[in-house]
Amino acid sequence: MTDPVARLTAVTASLRAADARRISVAAQGFGRAVPAAVGTRQLGAALGRMATLQIDSVNVFARSHYLPLFSRLGPYDPADLDRLLFTRRAPFTEFWAHMASFIPREDWGLFAFRMADARERYGAAEDSFLQRHRDIALWVRAELADRGPLRPAEFDHDLRRVTRGPWWDWDVVKETLEILWLCGEVAIAGRRGFERTYALAEQVIPETARTPVPRADAMRELTRRAARAYGVATAADLADYWRIRDRPALTAAIGDLVDGGELEPVTVEGWTSAGRPLPAWRHRDAVRPRRIDATAVLTPFDPLVWFRDRASRLFGFDYRIEIYTPAAKRRYGYYSLPVLIDDDVVGRVDLKADRAASRLLVQSAWWEHSHPPETAERLAAHLRSAAAWQGLETVSVGRWGDAADELAGALGADRHERVATG
């Protein structure tokens with residue numbers, strides 16, 4: 001098998017930075033005609049293009065997993081997405097794909113290599129977690145086998161009180177559930193609110209889906225999906241999509257896909273490291289539309305921007321969320337969201353849903369660099385749509401940021417002083 005890095009001498013194309021950006025934005029499903037009505041079929045198709053959907057608990061405006069579908073499809077009923085993600089027999093389930101994420105239930109076996117790694121990490125050594133807490137793990141498995149899917153609060157507290165040991169507290173039982181999930185013994189059977197319901201994997205994952213995919217085959221398939229979802233990507237991009245740490249296995253997978261004609265080695269203008277071109281590959285199905293017509297705000301965990309190095313290469317966008325930054329030291333806001341106009345990230349807005357007053361608060365608004373003259377009007381229309389999608393009646397704009405006044409004017413919005421967040 002040929003080393004894909006060495007095969008860069010056989011590069012067949014050189015892409016302008018603008019072309020790579022447009023290919024990447026299109027691969028993520030932006031620029032498509034917005035459907036007249038959005039239901040589970042359209043949501044499922046968008047999820048298929050992304051290949052996975054990251055979960056995050058922050059709920060300042062909307063929970064992160066709801067926003068990528070709104071960004072691509074416009075307003076939809078969140079209950080339709082819930083039916084795809086959270087019901088007992090939903091076609092999607094949760095696993096550690098790109099962080100904690102939703103994946104098709106049928107892909108469970110594709111992550112068998114990761115489950116095996118977790119069993120080695122948490123259960124092999126004498127002092128590993130599952131060895132040190134063997135009795136708890138046995139009890140948790142027995143509870144799920146006897147009673148079926150359970151929320152953590154539904155575990156038998158009386159049984160815990162009569163069992164000796166300093167580990168029998170809430171945190172360690174919850175941690176045991178999480179580790180058994182990483183090991184593939186437990187699966188997520190749904191959620192109530194945002195609280196997970198746990199079950200034995202065989203109770204919710206079909207037997208055919210639990211068949212382990214060999215490591216090399218899984219690496220190749222995951223690399224293929226990442227390449228398709230990105231359009232054009234470096235090895236670091238492809239690794240980050242699934243948080244793959246086994247670089248030799250990733251390199252082998254890229255080589256297989258190059259040899260099979262699915263990936264084409266390319267160079268991209270401006271994609272360099274230490275003054276040398278970064279090896280990159282374009283998926284054979286990637287297209288460069290003549291133009292992208294898109295207006296969206298993006299969650300920090302959208303695949304288009306979740307890998308910060310890639311966001312910098314594609315858009316010249318230096319992105320860090322500031323949740324954990326003290327308020328006085330924040331530059332852009334607590335949870336600023338990138339603003340996509342056509343095929344470029346041109347700004348960021350810090351949004352907060354004031355549900356008591358039925359207002360969408362734009363806490364801050366910033367431009368990144370040059371942007372089309374109608375950008376403020378397009379963003380204003382998008383924010384009105386976002387507010388209505390979240391059941392909020394009005395939009396108010398704060399006074400922080402170099403885009404705040406222009407955006408407030410385009411909205412004809414009320415103004416407010418900064419409201420504390422975090």
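All figures in this text were calculated on a predicted structure; none of them were measured in a lab. Each residue takes its place number in the sequence, starting with 1.
- Annotation: the span from Arg114 atom CZ to Cys183 atom SG amounts to 13.0 Å, rounded to 0.5 Å.
- Across Gly231 and Ala286, no two heavy atoms sit closer than the pair O-CB, 3.6 Å.
- In this structure, a donor-acceptor pair under 3.5 Å is present between the side chains of Asp344 and His369.
- At least one test fails for Arg310 against the ring of Tyr241: distance under 6.0 Å to the centre or angle within 45° of the axis.
- Summarising the geometry of Ala118 relative to Leu182, their closest heavy-atom pair is CB-O, 3.5 Å, with the distance given to 0.1 Å.
- Residue pairs meeting the side-chain hydrogen bond (donor to acceptor under 3.5 Å, both in side chains) criterion with at least one partner in residues 402-411, sequence neighbours excluded, are Trp367-Glu406, Asp405-Arg415.
- You'll find the side chain of Leu47 reaches within 4.5 Å of the side chain of Leu53, heavy atoms only.
- Summarising the geometry, atom CZ belonging to Arg320 is positioned 11.5 Å from atom OG belonging to Ser336; distances are rounded to the nearest 0.5 Å.
- For residues 213-225, the side-chain hydrogen bond (donor to acceptor under 3.5 Å, both in side chains) pairs, not counting sequence neighbours, are Asp107-Arg225, Asp117-Arg215, Asp217-Arg220, Arg220-Asp256, Glu221-Arg224, Glu221-Arg225, Arg224-Glu262.
- Relative to the six-membered ring of Trp108, Arg210 misses at least one condition, a distance below 6.0 Å or an angle of at most 45° to the axis.
- The heavy-atom pair separating Pro68 from Met50 by the smallest distance is CB-SD, 4.0 Å.
- From Asp56, atom CG reaches atom OG of Ser64 across 5.5 Å, with rounding to the nearest 0.5 Å.
- With 3.5 Å as the limit, one finds a donor-acceptor pair spanning the side chains of Gln363 and His416.
- For Phe86 and His65, the ring centers are positioned less than 6.0 Å apart.
- Distance check: Phe92 CZ to Leu43 CG gives 9.5 Å after rounding to the nearest 0.5 Å.
- With Glu393 contributing its side chain and Arg359 its backbone, the two residues share no donor-acceptor pair below 3.5 Å.
- Taking 4.5 Å as the limit, every side-chain heavy atom of Glu195 sits out of range of all side-chain heavy atoms of Arg191.
- Asp293 and Arg378 are joined by a salt bridge, as a carboxylate oxygen and a charged side-chain nitrogen come within less than 4.0 angstrom of each other.
- Looking at Val58 and Ile321, their side chains never come closer than 4.5 Å, going by heavy atoms from C-beta outward.
- At least one donor-acceptor pair under 3.5 Å links the side chain of Thr52 to the backbone N or O of Phe102.
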Hey, mind stepping through Tyr198 and Glu178 against side chain to side chain donor-acceptor pair (under 3.5 Å) and telling me if it holds? CA-CA 9 Å; Tyr198 297 84; Glu178 289 288 298; 2.4 Å; yes

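- For the pair Trp96 and Arg243, the minimum side-chain heavy-atom distance is 4.5 Å or more.
- Remark: side-chain polar atoms of Arg313 are not paired, donor with acceptor, to backbone N or O of Arg308 under 3.5 angstrom.
- Taking the six-membered ring where the residue is Trp, Phe95 and Trp181 present perpendicular rings, their angle passing 60° and hence far from 30°.
- Residue Tyr324 places its OH atom among 12 or fewer non-hydrogen atoms of other residues, nucleotides or ligands, all under 6.0 Å distant.
- Between Trp389 and Phe70, the ring-plane angle classifies as parallel under the 30° and 60° cut-offs.
- The heavy-atom pair separating Thr93 from Ile188 by the smallest distance is OG1-O, 3.4 Å.
- The distance from the CG atom of Leu379 to the CG atom of Leu383 is 4.5 Å, given to the nearest 0.5 Å.
- A 4.5 Å side-chain heavy-atom check between Trp281 and Val266 finds every atom pair outside the cut-off.
- Put simply, the residue from Asp354, Val60, Leu351 that forms a side chain to side chain contact (heavy atoms under 4.5 Å, CB included) with Leu361 is Asp354.
- Looking at Ile205 and Arg105, their side chains come closer than 4.5 Å, going by heavy atoms from C-beta outward.
- Glu143 contributes no side-chain N or O that, together with a main-chain N or O of Val140, makes up a donor-acceptor pair within less than 3.5 Å.
- Counting only distance, with no hydrogens or angles, the side chain of Arg22 and the backbone of Arg290 share a donor-acceptor pair below 3.5 Å.
- No side-chain heavy atom of Arg151 sits under 4.5 Å from any side-chain heavy atom of Arg196.
- Salt-bridge annotation for Arg147 and Glu154: absent, with no side-chain N of the basic residue lying under 4.0 Å from a carboxylate O of the acidic one.
- In this structure a side-chain-to-backbone donor-acceptor pair under 3.5 Å is missing from Glu106 to Ala209.
- Taking 4.0 Å as the cut-off between side-chain N and carboxylate O, Glu264 and Arg282 count as a salt-bridged pair.
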One pair to check against salt bridge (charged side-chain N to carboxylate O under 4.0 Å, His left out): Asp80 and Arg83. What are the steps and the verdict? CA-CA 5 Å; Asp80 285 337; Arg83 278 189 280 275; 2.2 Å; yes

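- Put simply, the side chain of Thr208 never gets that close to the backbone of Pro206: no donor and acceptor are under 3.5 Å apart.
- Thr299 and Asp302 form no side-chain donor-acceptor contact under 3.5 Å, judged by distance and modelled atom types alone.
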Where do Tyr334 and Thr325 land on the side-chain contact (heavy atoms from CB on, under 4.5 Å) test, with the steps shown first? CA-CA 8 Å; Tyr334 178 78; Thr325 302; over 6 Å; no

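- Ring geometry, His133 versus Phe129: the interplanar angle falls from 30° to 60°, so the pair is classed tilted.
- In plain terms, the two heavy atoms of Leu130 and Ala137 that are nearest each other are CD2-CB, 4.1 Å.
- Distance alone, capped at 3.5 Å, places no donor-acceptor pair between the Glu269 side chain and the Arg16 backbone.
- Side-chain contact of Tyr230 with Asp240: a donor-acceptor pair under 3.5 Å is absent, judged by distance alone.
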Evaluate the side-chain contact (heavy atoms from CB on, under 4.5 Å) criterion for residues Leu67 and Leu298: first the C-alpha distance (whole Å), next the side-chain angles of each, then the deciding distance (0.1 Å), finally the verdict. CA-CA 7 Å; Leu67 197 52; Leu298 309 173; over 6 Å; no

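- Taken from CG in Leu304 to CG in Leu314, the straight-line distance is 7.0 Å, to the nearest 0.5 Å.
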Run Asn59 and Tyr335 through side chain to side chain donor-acceptor pair (under 3.5 Å) and show every step you take. CA-CA 10 Å; Asn59 194 23; Tyr335 199 62; over 6 Å; no

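- Judged by distance alone, the side chain of Ser312 and the main-chain N or O of Asp309 form no donor-acceptor pair under 3.5 Å.
- Contact check for Tyr332 versus Glu322: side-chain heavy atoms found under the 4.5 Å cut-off.
- A salt bridge does not link Arg119 with Glu185: every distance from a Lys NZ or Arg NE/NH1/NH2 to an Asp or Glu carboxylate oxygen is 4.0 Å or more.
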Quick one: do Met219 and Asp246 satisfy side-chain contact (heavy atoms from CB on, under 4.5 Å)? Show the steps, please. CA-CA 9 Å; Met219 288 289 185; Asp246 187 345; 4.0 Å; yes

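- Shown here for Ala376 and Ala410, the closest heavy-atom pair between the two residues is O-CB, 3.6 Å.
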Walk me through whether His283 and Leu263 qualify under side-chain contact (heavy atoms from CB on, under 4.5 Å). CA-CA 5 Å; His283 192 273; Leu263 296 186; 4.0 Å; yes

